[in-house]
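One structure is given here, and the rest of the page talks about it.
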Amino acid sequence: MKIRLLVQTPYKRRLASLVDRLMRLLYWLIGRRATKPADLATADLRHIVVLRLDHVGDVLLSTPVYRALRQRFPAARLTAIVGPWSRGLLEVNPHLDEVLVLSVPWWANVRDGIGLVARLRNWLQFPLHWWGVVRRVRRSGVDLVIDLRADLRQIVCLVSTIGAPYRLSYRRSGGDVLLTHALSFPSAVDEVAKNLGLLAPLGISDAETTLELHVGAPAVAAAEACLMSVGIAPQTKLLLVHPGGRTTVRRWPTHNYAMVAERLAREHDLVVCVIGSNDERETCAALSRLLTVTHFDLCGRTSLVELAALLQAARLFIGADSGPCHLAVAVGTPSVVLYGPTPPEAIRPAGAHEARLYVRYPCSPCLQVRCEAWDKPWGKCLDDLGTEAVYQRADRLLSETAGAAPRRPDQLKIPPS
C-alpha cells in the first residue's frame with residue numbers, strides 16, 4: 001500500500017521549489033557554480049554530524065541511523081545535535097561520541113504550555129546558543145553533516161555554517177543549493193526508512209530498522225526510587241497508561257482508557273501507573289479520578305530516559321501514537337498503540353511485541369489540530385477504536401508474553417559505559 005506524504009502538500013512543494021529557484025539565482029549572481037558531488041562512499045570521513053532537532057519521537061526514530069553509521073565508519077567521530085528535550089535519549093548511546101544540545105525556537109515554541117513570554121525568550125536566546133554550537137563544531141572539524149529533517153531553516157542556520165565540505169539531506173523544503181548531496185524525498189516509505197535512505201550515498205543499504213534506546217545506571221536508579229516513593233512493592237506487575245498526546249486530536253477519550261485499564265488490572269492482577277509529561281498533568285489527573293483499582297499517578301515524576309526504565313520493567317503499555325509509545329517499543333515492552341490521524345505504516349516498522357489499532361479514513365493522514373469530521377477534541381478515527389477491541393488486543397498480548405517475568409528497574413541490564 002502506498003503511503004501518502006504527511007507534510008509535502010502541493011503548497012509546500014511549490015514554496016520549496018520557489019525558494020530553490022531564488023537561491024540558485026542568488027548564487028549565479030555572486031558567481032557561485034554547482035560542482036559535481038563527490039563520491040561519499042569512498043570519501044575519508046573522520047567526523048560526521050547528524051541533526052535531529054525536532055520531536056522526541058523523531059529522535060527515537062533516528063536511532064537506527066547512528067547504529068548504521070557506526071557499523072559503516074567504526075573509527076569516525078559521530079556527533080548528534082538534538083533539542084534539550086531529547087538529550088537524555090542519546091546520552092548513553094554507545095554509537096555516539098558526542099551529543100550537543102541546541103533549542104531552535106521553531107521547535108521549542110510548538111511544545112505544549114509555551115506562553116508568549118517564553119516564545120519571545122526562545123527567539124532572543126537562539127543566536128547566542130546557535131553560535132556556541134556552531135563554533136564548537138567548527139573547531140573540531142567536520143567532514144559531513146546530515147540533516148535528517150530536511151528543513152530549510154536548519155539547512156540555512158546549521159548545515160551551511162558548520163563548515164563541512166559534504167552536506168547531505170533531502171530535497172524537501174528548499175535550500176538544495178546549500179547542499180553537496182541532495183536526494184529526492186521518498187514518498188512511500190515510513191519515517192525510519194526515510195532516515196536510513198539518506199545514508200545510501202555512503203554505501204549503506206539494508207540497515208537494521210529496529211529502534212534502539214539505552215538506559216544508563218542513573219536512570220535505572222531514579223526509576224527504582226520513583227516506584228519506591230509511591231509504595232510500589234518489588235515484583236509488582238505494572239500496566240503503564242499514557243492518556244496524553246502532542247495534540248488533542250491524537251488522544252483517545254480518557255474514560256475509554258479507564259474502562260480498559262480497570263478490566264485488565266482486575267483480570268491480570270496489574271497495578272496501573274498513569275504516565276505523562278508535566279504538560280499532561282490535567283489529562284493524567286482526569287484518568288486517575290476515574291480509576292477505582294489500585295493506581296498511581298506518575299505524571300511528570302520522571303525524565304524521558306527514567307520513563308524508559310519504568311517502561312522496560314512493565315508488563316504492558318497502552319497509549320496513543322506519541323513519544324512514550326516509541327519509548328516502549330524501543331525498550332521491548334509489550335505495547336498496545338492506538339493510531340489515529342497517522343497510519344502506523346507511515347511512521348515505523350512494528351515492534352516485536354506491539355499490537356497496532358487503526359481505523360483508516362479517507363482523510364488520513366491528517367495534520368489538523370482539531371478533527372473536522374465532528375465537533376469533538378479527539379479524532380473520529382480514534383473514537384471508532386472501541387474499548388472492547390482495545391481490551392481484546394491487550395488481553396491477547398498479555399497472554400502471549402505471560403512467560404516474561406516482571407522486572408524491577410534495578411534488575412534491568414545496563415549497557416557498559
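Fair warning: this is a prediction, and the values are worked out from it, not measured in the lab. Quick note: residue numbers are just sequence positions, from 1.
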Tell me, do Val390 and Leu357 make a side-chain contact under 4.5 Å, heavy atoms counted? yes
Residue pair His326, Asp321: steps toward the side chain to side chain contact (heavy atoms under 4.5 Å, CB included) verdict: CA-CA 8 Å; His326 301 311; Asp321 169 28; 3.7 Å; yes
Answer whether the closest heavy-atom distance between the side chains of Glu354 and Arg348 falls below 4.5 Å. yes
Looking at residues at least two apart in the chain, or sitting in another chain, which of them share a ring-ring contact (aromatic ring centres under 6.0 Å, His included) with Tyr257? Trp252
Do Arg396 and Glu400 sit within salt-bridge range, that is, some charged N less than 4.0 Å from a carboxylate O? no
Think Arg135 forms a cation-pi with Trp130, using NZ or CZ under 6.0 Å from the six-ring centre and within 45 degrees of its axis? no
Pairwise side-chain contact, Leu51 with Arg149, heavy-atom cut-off 4.5 Å (strictly under): no
Who are the side-chain contact (heavy atoms from CB on, under 4.5 Å) partners of Val230, not counting sequence neighbours? Ile232, Phe296, Leu298, Arg301
Tyr166 vs His181 aromatic rings, parallel, tilted or perpendicular, using cut-offs 30° and 60°? perpendicular
Full working for side chain to side chain contact (heavy atoms under 4.5 Å, CB included) between His242 and Cys325: CA-CA 8 Å; His242 177 236; Cys325 91; over 6 Å; no
Measure the shortest side-chain to side-chain distance between Thr236 and Leu270 over non-hydrogen atoms and say whether it is less than 4.5 angstrom. no
Any donor and acceptor pair, going by atom type alone, linking the side chain of Arg77 with main-chain N or O of Val142 inside 3.5 Å? no
Please determine if Arg46 and Asp143 form a salt bridge, counting it only when a charged side-chain N lies under 4.0 Å from a carboxylate O. no
For Tyr339 together with Tyr358, are the ring centres under 6.0 Å from each other? no
